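Following: one structure in C-alpha cells, then a few remarks.
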Amino acid sequence: MTTTTDLVSYEDALASYDPVMGLEVHVELGTKTKMFCGCSTELGQDANTQTCPTCLGMPGALPVVNAIGIESAIKIGLALNCEIAEWCRFARKNYFYPDMPKNFQTSQYDEPIAFDGYLDVQLEDGETFRVQIERAHMEEDTGKSTHVGGATGRIHGASHSLLDYNRAGIPLIEIVTKPIEGAGERAPEVARAYVRELREVIKALGVSEARMEMGQMRCDVNLSLRPHGREKFGTRSETKNVNSLRSVERAARFEIQRHAAVLNDGGTIIQETRHFHEDTGTTTSGRVKEEAEDYRYFPEPDLVPIAPSRAWVEEIRAGLPELPLARRNRLVAEWGITALDMQSILNAGALDLIVATIDAGADAASARKWWMGELARSANESGVALDELAITPVQVARVAELVLKGDLNDKLARQVIEGVLAGEGGPDEVVDKRGLKVVSDDSALGTAVDEAIAGNPGIADKIRGGKVAAAGALVGAVMKATRGQADAARVKELILEKLGVSEG
Ligand code: ADP
Ligand code: MG
Ligand code: ZN
C-alpha cells in the first residue's frame with residue numbers, strides 16, 4: 001500500500017507528467033417512482049417497505065420503463081450538448097452482489113440514450129474549460145448494505161450485514177466524460193469545477209436535487225499520468241464514489257502524487273478501483289478492475305427499445321430552462337461585476353439568494369453587498385451555509401429598502417440583520433423593538449453637534465481654518481454619542497454650518 005510518505009510533491013509530479021482524467025458521475029433522479037416499477041422513491045422510510053416483486057428480482061416479475069426517467073435523461077443529454085439516440089436499448093450488466101437481488105443491473109451498454117456532448121466549466125479565475133462528454137446513460141441504483149458488528153462499518157470485521165432494497169431500482173443517470181487532457185496542474189480544479197457545473201445543470205433542469213452529501217450525486221475519478229510529450233495514455237486508477245466537491249479535487253490531487261511516486265520508482269500502475277478517505281485525504285486500493293467482458297452484457301429482453309421521436313426531443317429542448325453558465329454570464333453583465341466576483345458568489349453559495357433578494361425588490365449592489373458581506377461573515381462564524389441562516393431574501397430586501405429610504409444607515413442595518421438572525425422578528429419588528437432609526441432631525445442632532453465641537457476645540461479650529469476634511473473626526477464623535485443613529489451626511493452639514501465654512 002502506498003502511504004503519504006511515499007508521495008512525490010505535487011509540483012515535482014507535474015514537472016514530469018501530464019495528468020489525464022475521466023469522470024463518471026452518477027445522479028439519482030428525483031422521480032416519484034422507481035425506474036422499472038411503481039414503488040415509491042421517498043427517502044428515510046423503514047427498510048424494505050418500498051419494494052415489490054420487480055425491484056426484488058422475483059422470478060417472473062416484469063419491468064416497465066418510467067417515462068419521466070426517460071424524459072429526464074433526454075433533458076440531461078440536451079443540456080450537455082449531446083446527440084440523443086433515435087433508438088437505444090437497456091442492457092443487463094451481470095454480476096452478483098447481495099444488494100442487487102436480480103443478479104444483474106439494468107443499465108445501458110453500447111447504446112446510450114445520449115452521447116457526444118460537452119460541458120463548459122468555469123475555473124476559479126473565471127476562465128472557461130470545455131469538458132467533452134462521452135455519453136449519458138440510464139441505469140438503476142442497487143440496494144443498500146449495512147455491515148454490522150465491526151469497528152469501521154466496512155464488511156471486513158463485520159459479524160453480519162443488513163440489506164435494504166428501498167433504493168434498489170431508483171433511476172440513475174451515469175454521465176461519463178471523454179479523457180480530459182491538457183488541464184495540466186489545474187486537473188484537480190477542473191474535476192471539481194466540472195462536478196460543480198454538472199450539479200448546477202442538474203438542479204436547474206429540476207431532475208434531481210443532486211445533493212452530494214445525501215448520495216444523490218457521486219463521482220468516480222479516473223486518473224492516469226503520462227510523461228510530457230507522450231501520446232499514449234498511462235494506466236488509470238479509478239477512485240470510486242467520491243461524494244463532495246472538495247473530495248473530488250483532493251482525490252485527483254492525491255492520485256497524481258501517488259502515480260508519480262510509483263512511476264518514478266520504475267513501478268507500474270495497476271488498473272484498480274480505489275477508495276478515498278476524507279479524514280486523511282488519501283486513497284487505498286479496492287479491487288482489481290474487471291473488464292466489460294466480465295459482465296456478459298446483453299440486451300435486456302424484458303424491456304422494449306427506447307425510440308424517442310425527434311418531435312418529442314425538440315419539444316424537450318424548447319422547454320429547457322436557461323442553463324447555469326449562460327445565466328451567470330448574463331448576471332455578470334447585468335450587475336456589472338467580473339467573472340471573478342461571480343466565482344466568489346458561487347463559492348459562497350450566494351447566487352440564488354442574491355437573485356431572490358433582487359426579485360424581492362432590492363437593487364443588485366445592495367443584495368450582493370449584504371449576502372457577501374455581513375451575512376457571509378455571520379454564516380461563517382456560526383459554521384452554517386448561507387441558505388441556513390435565519391433570514392430570508394425578502395427580509396434582506398426590506399433591510400436594503402430601509403437603507404435606501406434613509407431610515408437606516410449601514411451600521412443600523414447591521415444591527416437589524418443581527419436582530420433578525422437572533423430571532424427577534426422581521427426587519428420592521430427589530431427596528432421598532434430596538435428603537436433603531438436614523439436621526440436626521442436638526443433639533444435632535446444640534447445638541448450632539450455642539451457638544452462635539454466644544455469637546456474638540458483643536459479640530460474645530462482646523463476646520464474653521466479651511467481644513468474641511470477634519471470634519472470627519474467630529475462626525476465620528478457625533479455618531480458615537482448617538483450610538484450610530486445619526487444621519488451622517490446631515491451631521492457633517494450641521495458641523496460646517498455651525499463653524500461657518502462651506503463644503504466647496
Ligand atoms: P469503466 O466503466 O471501466 O470505468 P468507462 O469507459 O465507463 O470505463 O469510464 C472510464 C472513464 O475514464 C471515462 O471517463 C474515460 O474517458 C476515462 N479514461 C479512459 N482511459 C483513461 C486513462 N488511461 N486515463 C484517464 N482516464 C481514462
Ligand atoms: Mg467506471
Ligand atoms: Zn418495486
Side-chain angles (χ1 to χ4, degrees), residues 17-26 31-42 45 48-58 61-66 91 93 95 101-102 105-110 112 115-119 131-137 139-143 164-171 173-183 187-188 190-191 194-195 198 219-226 230-241 248 251-252 255-256 259 263 268-274 286-295 297:
Y17 305 101
D18 284 326
V20 175
M21 279 187 312
L23 301 169
E24 298 169 80
V25 174
H26 285 91
T31 53
K32 287 203 175 62
T33 56
K34 294 185 180 180
M35 191 64 198
F36 304 112
C37 63
C39 290
S40 167
T41 55
E42 207 177 316
Q45 302 303 300
N48 297 307
T49 54
Q50 304 185 136
T51 56
C52 72
T54 300
C55 56
L56 288 177
M58 300 290 181
L62 284 175
V64 176
V65 167
N66 181 334
K93 181 179 183 182
Y95 68 99
K102 294 186 297 186
Q105 181 189 30
T106 308
S107 181
Q108 291 195 292
Y109 179 47
D110 50 355
F115 52 93
D116 278 351
Y118 64 86
L119 180 64
V131 174
Q132 303 290 338
I133 307 287
E134 165 101 26
R135 65 178 194 270
H137 70 246
E139 56 185 39
E140 59 178 340
D141 213 341
T142 59
D164 174 9
Y165 293 111
N166 284 354
R167 198 178 68 182
I170 289 188
I173 304 293
E174 179 174 347
I175 300 144
V176 184
T177 69
K178 292 188 177 156
I180 302 170
E181 306 172 57
V190 167
Y194 167 76
V195 178
L198 188 56
C219 179
D220 299 344
V221 180
N222 293 269
L223 190 128
S224 66
L225 295 183
R226 57 181 173 186
R230 208 176 77 181
E231 190 105 356
K232 196 167 170 285
F233 292 163
T235 304
R236 68 183 152 118
S237 59
E238 181 176 359
T239 305
K240 304 290 285 182
N241 292 325
V248 167
E255 281 299 283
I256 288 173
H259 279 228
L263 297 172
T268 45
I269 295 289
I270 41 168
Q271 192 173 333
E272 61 179 356
T273 64
R274 297 186 68 87
R287 58 188 154 81
V288 172
K289 184 72 185 167
E290 58 294 298
E291 299 294 326
E293 296 81 60
D294 298 331
Y295 289 118
Y297 281 100

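Every value quoted in this text rests on a predicted model; they were computed, and no experiment measured them. Every number for a ligand or one of its atoms is a count from 1 in the order of the listing.
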(message) List ligand 1 atoms under 4.0 Å from G22, heavy atoms only on the residue side.
(response) 12 (O), 14 (O), 17 (C), 26 (N)
(request) Identify, by atom number and element, the atoms of ligand 1 in contact range of L23, meaning under 4.0 Å from any of its heavy atoms. (result) 14 (O)
(request) Using salt bridge (Lys or Arg N to Asp or Glu O under 4.0 Å) as the criterion, point out the one residue from K93, R167, K34, K102 that pairs with E140. (result) K102
(request) Below 4.0 angstrom from a heavy atom of P179, which ligand 1 atoms are there? Numbered from 1 as shown, please. (result) 16 (O)
(message) Parallel, tilted or perpendicular, judged at 30° and 60°: which one describes the rings of Y95 and Y295?
(response) perpendicular
(message) So is R135 touching ligand 1 or not, going by heavy atoms under 4.0 Å?
(response) yes
(message) Whether the side chain of D220 engages the backbone of N241 through a donor-acceptor N/O pair (distance < 3.5 Å, no angle test) should be reported.
(response) yes
(message) So if I count the atoms of ligand 1 from 1 in the order they appear, which ones are less than 4.0 Å from some heavy atom of T177?
(response) 13 (C), 14 (O), 15 (C), 16 (O)
(message) Below 4.0 Å, non-hydrogen atoms only: which portion of H137 touches ligand 1? Side chain, backbone, both or neither.
(response) neither
(request) Look at ligand 1 and say whether E134 reaches it with a heavy atom at a distance under 4.0 Å. (result) no
(message) What's the separation between atom NE2 in H26 and atom CD1 in I175, rounded to the nearest 0.5 Å?
(response) 9.5 Å
(message) T235 versus ligand 1: do any nitrogen or oxygen atoms come within less than 3.5 Å of each other?
(response) no
(request) Using the Zn ion (ligand 3) as the apex, give the angle to atoms SG (C55) and SG (C39), rounded to 10 degrees. (result) 110°
(message) Treating T177 as the side-chain partner and L23 as the backbone partner, does any N or O pair qualify as donor plus acceptor under 3.5 Å?
(response) yes
(request) Give the atoms of ligand 1, by number and element, whose distance to some non-hydrogen atom of E238 is under 4.0 Å. (result) 4 (O)
(request) Using a strict 4.0 Å cut-off to heavy atoms of G234, name the atoms of ligand 1 that fall inside it. (result) 23 (N)
(message) Can a donor-acceptor pair be found, under 3.5 Å and without considering hydrogens, that links the side chain of T273 to the backbone of R287?
(response) yes
(request) Could you list the atoms of ligand 1 found under 4.0 angstrom from a heavy atom of K178? (result) 16 (O)
(request) Return yes if some donor-acceptor pair links the side-chain N/O of R135 with the main-chain N/O of V176 below 3.5 Å, else return no. (result) no
(request) For atom 18 (N) of ligand 1, state which one of K93, M21, R236, Q132 supplies the nearest heavy atom. (result) R236
(request) Could you see which bit of E24 sits under 4.0 Å from ligand 1, with heavy atoms only: side chain, backbone, both or neither? (result) side chain
(message) Under a 3.5 Å distance rule, please check whether T41 uses its side chain to pair with a backbone N or O of I170 as donor and acceptor.
(response) no
(message) Using modelled atom types and a 3.5 Å cut-off, is there a donor and acceptor pairing between side-chain atoms of D164 and backbone atoms of N48?
(response) yes
